[in-house]
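Here the structure is laid out as structure tokens; the discussion comes afterwards.
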Amino acid sequence: QVRLVESGGGSVQVGGSLRLSCAASGRDFSGFAMGWFRRGPGKEREFVAAVDWSGRRPLYTDSVKGRFTISRDNVDNTVYLQMNTLKPADTAVYLCTAGLAPANYPRAYAYWGQGTQVTVSS
């Protein structure tokens, strides 16, 4: 079966860094767009970043530009989210996703992971 499994979440102080990983299995994802959404406390699911099949055309929401970097390794079917200069507003469950084309709305994506918690404290 298709699975997306996130890892790398945790607790960090403001200004710190974390790197999230998402390991995809069950099919070849090399032709898929992959991305990250997040859901903060009491908030709706929010687009964070996505990248096309080649890994060379990333997209970011404005609030993370310059701080987060999305990348992927198609040999290992893994997508990463490097998060730097973290702030409390980044606190959320981060969800890995994959779909046929990149977009900033969740219905564009066919597969989802369970999420990993990121907590940023002052």
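Worth saying up front: this structure is predicted, and the values here are computed from it rather than measured.
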* Might you confirm whether atom CZ of Arg19 has over 12 heavy atoms from other residues, nucleotides or ligands at distances under 6.0 Å? => no
* Transitive ILVMFWY side-chain link Leu81 to Leu18, under 4.5 Å -> yes
* Rounded distance (nearest 0.5 Å) linking atom CG of Asn77 with atom CZ of Phe29 -> 7.0 Å
* Side chains of Met83 and Tyr94 in contact at under 4.5 Å (non-hydrogen atoms) -> yes
* Do Val120 and Leu20 sit in the same hydrophobic cluster, where Ile, Leu, Val, Met, Phe, Trp and Tyr count as joined when their side-chain heavy atoms come under 4.5 Å apart? -> yes
* Given side chains that start at C-beta, do those of Ile70 and Tyr60 come closer than 4.5 Å, heavy atoms only? -> yes
* Selection residues 83-105 - residue pairs positive for salt bridge (charged side-chain N to carboxylate O under 4.0 Å, His left out), sequence neighbours left out -> Arg38-Asp90, Arg67-Asp90
* To do: For Thr119 and Thr91, indicate whether the former's side chain and the latter's backbone hold a donor-acceptor pair under 3.5 Å.
  => no
* To do: Answer with yes or no whether the side chains of Ser17 and Asn84 bring together a donor and an acceptor at under 3.5 Å.
  => yes
* **Leu59: hydrophobic cluster co-members (side-chain, 4.5 Å)** => Phe37, Phe47, Val93, Leu95, Tyr109, Trp112
* Asked: More than 12 foreign heavy atoms under 6.0 Å from CZ of Arg27: is that the case here?
  -> yes
* Asked: Shortest non-hydrogen contact from Ser54 to Arg57?
  -> OG-NH2, 3.7 Å
* Has Gln13 got more than 12 heavy atoms of other residues, nucleotides or ligands less than 6.0 Å from its CD? -> no
* To do: Measure the spacing between CD of Gln82 and OG1 of Thr69 and express it to the nearest 0.5 Å.
  => 7.0 Å
* Counting N and O atoms only, with roles assigned by atom type, does the side chain of Glu6 sit under 3.5 Å from a partner on the main chain of Gly115, one being a donor and the other an acceptor? -> yes
* Asked: Is the closest side-chain heavy-atom distance between Val14 and Leu86 below 4.5 Å?
  -> no
* Passes side chain to side chain contact (heavy atoms under 4.5 Å, CB included), Cys22 versus Arg72? Steps please. -> CA-CA 9 Å; Cys22 173; Arg72 66 188 296 169; over 6 Å; no
* For the residue pair Pro102 and Ala33, what are the closest heavy atoms and their distance? -> N-CB, 3.3 Å
* Asked: If you group Ile, Leu, Val, Met, Phe, Trp and Tyr by side-chain heavy-atom gaps below 4.5 Å, do Trp36 and Leu100 land in one group?
  -> yes
* Taking the side chain from Thr116 and the backbone from Gly9, do they hold a donor-acceptor pair closer than 3.5 Å? -> yes
* **Test item: Pro88 and Ser122 side chains (from C-beta on) under 4.5 Å apart, heavy atoms** => yes
* To do: Can you see which heavy atom on Ala89 is nearest to which on Lys43, and at what distance?
  => O-NZ, 4.4 Å
* To do: Would you check if Val79 and Cys96 make a side-chain contact, meaning some heavy-atom pair closer than 4.5 Å?
  => yes
* Asked: So does Gln117 have more than 12 non-hydrogen atoms from other groups sitting under 6.0 Å from CD?
  -> yes
* ILVMFWY network linking Val64 to Val118, side-chain heavy atoms under 4.5 angstrom -> yes
* Structure fact -> Taken to the nearest 0.5 Å, the spacing of Ser21 OG from Asp73 CG works out to 10.5 Å
* **Trace of the side chain to side chain contact (heavy atoms under 4.5 Å, CB included) decision for Thr61 with Phe68** => CA-CA 10 Å; Thr61 191; Phe68 291 10; over 6 Å; no
* To do: Check whether any side-chain N or O of Asp28 sits under 3.5 Å from a backbone N or O of Ser30 as a donor-acceptor pair, and report yes or no.
  => yes
